[in-house]
Amino acid sequence: MTPRLDTPLTRHAGIEVPLLCGAMYPCSNPELVAAVSEAGGLGIVQPISLTYVHGHEFREGLRFIRRITPKPIGMNALIEASSRRYRERMERWVDVALEEGVRFFVTSLGNPRWVVERVHAVGGVVYHDVTERKWALKGRDAGVDGLIAVNRRAGGHAGPRDAAALFAELADLGVPVVCAGGIGDEHEFAEALRLGYAGAQLGTRFIATPECRASQAYKDAIVRAREDDIVFTERLSGIPVAVIRTPYIERLGLEAGPLARHLLRGRRTKHLVRTFYALRSVWELKRALLDEEKEYWQAGRSVEHIHAVEPAAEIVQRFAAEGSRHRGVE
Ligand SMILES: Cc1cc2nc3c(=O)[nH]c(=O)nc-3n(C[C@H](O)[C@H](O)[C@H](O)COP(=O)(O)O)c2cc1C
């Protein structure tokens with residue numbers, strides 16, 4: 001049995017363990033999202049991963065997850081104002097998710113106000129990904145219910161601060177703060193709770209599970225890698241992304257080319273180049289997820305304490321037990 005561990009996050013999300021399986025493009029397949037929720041945490045759907053990588057029509061994909069678990073799930077809305085078409089599609093996805101009963105949303109980038117308005121109208125909650133106080137203030141002004149504090153050890157796009165400094169920067173804003181980045185084992189999870197976090201969002205740890213559809217080579221690389229093997233490459237999205245250093249990554253180099261750098265600095269060209277990078281990386285990462293030859297593997301520094309491929313439920317239970325032991329509420 002998974003011990004309960006009550007925090008503001010568990011109350012907001014209606015879950016037993018304050019542990020989110022963060023949205024991961026391309027690694028968030030529906031079976032992984034469902035497994036984390038079924039175990040008492042909260043799996044977050046990444047819509048582009050669900051549809052484009054794993055081949056589900058969006059509503060049907062949510063219903064597929066529902067058939068595996070009746071427990072709550074969340075949805076990630078990347079709301080960077082890039083193009084009107086993208087924004088319209090994201091609005092549709094949020095509406096469909098609400099119709100299908102999703103009540104927990106994680107927003108990243110951009111202004112989350114329109115998501116907050118729609119979600120609050122039906123009694124749901126919105127947590128906003130932030131890396132610094134200035135973004136947190138924007139989120140708070142838009143009415144978000146909680147913050148996800150993405151620190152410098154995170155997989156994906158990491159922030160500039162360590163977990164303790166970021167918590168200190170956000171603690172007085174009057175909303176629960178969730179720790180994202182660098183949590184590979186149950187001791188690091190308990191430490192985040194001790195710092196005052198209301199829970200944790202994990203990415204890399206949940207890739208090394210049987211439920212994740214990433215290739216075995218990718219999972220083995222996470223298990224083998226140490227913290228020093230994580231490097232940041234600009235070649236994927238134009239913004240530094242954490243990846244495992246592999247011969248393939250070394251061949252590509254870590255920096256964007258001189259032309260791309262120049263265009264990324266330009267006021268007019270910046271969005272165009274970002275869109276190009278985003279589309280290309282969406283395609284490249286999809287190929288790399290299942291293809292053992294392409295060693296294009298995103299992972300954060302939490303690899304340091306990930307030593308085995310383990311079922312999602314075992315991870316959730318072990319983290320819950322350690323978290324409860326520290327809180328003395330078992
Ligand atoms: C492979 C991978 C893909 C990710 N993709 C996304 C994404 O599409 N949207 C998002 O908001 N965060 C994304 N993230 C960030 C995670 O949701 C989470 O915040 C982060 O992985 C936490 O750090 P950890 O990997 O050290 O646990 C991604 C992370 C990884 C490792």
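For ligands, and for the atoms within them, numbers begin at 1 and follow the listed sequence.
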If you look only at distance, which donor and acceptor atoms sit under 3.5 Å apart when one is on a side chain in residues 71-78 and the other is two or more places apart or in another chain?
from, atom 1, to, atom 2, distance (Å)
Lys71, NZ, Glu16, OE2, 3.3
Lys71, NZ, Glu38, O, 3.1
Asn76, ND2, Val106, O, 2.9
Asn76, ND2, Ser108, OG, 3.2

request  = Please determine, by modelled atom types, if His120 and Asp145 share a side-chain donor-acceptor pair under 3.5 angstrom.
outcome  =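 His120 vs Asp145: donor-acceptor pair found between side chains.
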ask   = Once the angle between the rings of Phe64 and His56 is folded into 0 to 90°, is it parallel (under 30°), tilted (30 to 60°) or perpendicular (over 60°)?
value =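 Ring orientation of Phe64 relative to His56: parallel.
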task = Classify the ring geometry between Trp297 and Tyr218 as parallel (under 30°), tilted (30 to 60°) or perpendicular (over 60°).
result =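 Geometry flag for Tyr218 against Trp297: parallel rings.
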For ligand 1, which atoms sit closer than 4.0 Å to a heavy atom of [X]?
X: Gly22; value: 17 (O)
X: Tyr218; value: 1 (C)
X: Gly182; value: 26 (O)
X: Ser108; value: 11 (O)
X: Leu202; value: 27 (O)
X: Asn76; value: 9 (N), 10 (C), 11 (O)

task = Distance to 0.1 Å, residue and atom name: give those for the protein heavy atom nearest to atom 3 (C) of ligand 1.
result =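 Protein heavy atom with the smallest distance to atom 3 (C) of ligand 1: Tyr25 O, 3.3 Å.
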query = So which protein heavy atom does atom 1 (C) of ligand 1 come closest to, and at what separation?
reply =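 Sorting protein heavy atoms by distance from atom 1 (C) of ligand 1 puts Gln298 CB, 3.4 Å first.
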Are the charged groups of [X] and [Y] less than 4.0 angstrom apart, N to O?
X: Glu100; Y: Arg63; value: yes
X: Arg87; Y: Glu91; value: yes
X: Arg153; Y: Glu304; value: no
X: Arg59; Y: Asp95; value: no

Check each heavy atom of [X] against ligand 1 and say whether those closer than 4.0 Å belong to the side chain, the backbone, both or neither.
X: Ala154; result: both
X: Arg153; result: backbone
X: Phe206; result: neither
X: Asp129; result: side chain
X: Val106; result: neither
X: Met24; result: both

ask   = How about Thr107 and Val116: do any of their side-chain heavy atoms sit closer than 4.5 Å?
value =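 Side chain of Thr107 against side chain of Val116, heavy atoms only: no contact under 4.5 Å found.
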query = When you measure from atom 25 (O) of ligand 1 to each heavy atom in Val243, Ile222, Thr204, Ile148, which option holds the nearest one?
reply =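 Considering heavy atoms of Val243, Ile222, Thr204, Ile148, the nearest to atom 25 (O) of ligand 1 sits in Thr204.
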message = My understanding is that we take every heavy atom of each candidate and find the minimum distance to atom 14 (N) of ligand 1. Doing that for Gly203, Ala23, Gly155, which one comes out nearest?
response =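 Nearest option to atom 14 (N) of ligand 1, by heavy atoms: Ala23.
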message = Is Gln201 close enough to touch ligand 1? Criterion: a residue heavy atom under 4.0 Å from a ligand atom.
response =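 The answer is yes, since Gln201 has a heavy atom less than 4.0 Å from ligand 1.
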key: ligand 1 contacted by Val150 (non-hydrogen, < 4.0 Å)   =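 No heavy atom of Val150 comes that close to ligand 1.
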Is it the case that ligand 1 has an N or O less than 3.5 angstrom from some N or O of [X]?
X: Gln46; value: yes
X: Arg301; value: no
X: Arg205; value: no
X: Ser302; value: yes

ask   = Does CZ in Arg118 sit with more than 12 non-hydrogen atoms of other residues, nucleotides or ligands closer than 6.0 Å?
value =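 Counting other residues, nucleotides and ligands, CZ of Arg118 exceeds 12 neighbours.
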ask   = Quick check: are there more than 12 heavy atoms from other residues, nucleotides or ligands sitting under 6.0 Å from CH2 of Trp135?
value =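 No, because the 6.0 Å sphere around CH2 of Trp135 holds 12 heavy atoms or fewer from other groups.
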Ring centroid separation Tyr248 to Tyr296 under 6.0 Å =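 Yes: the rings meet the under 6.0 Å criterion.
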ask   = For Val231, which residues count as a side chain to side chain contact (heavy atoms under 4.5 Å, CB included) partner, sequence neighbours excluded?
value =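 Applying side chain to side chain contact (heavy atoms under 4.5 Å, CB included) to Val231 gives Val243, Arg245, Ile249, Leu254.
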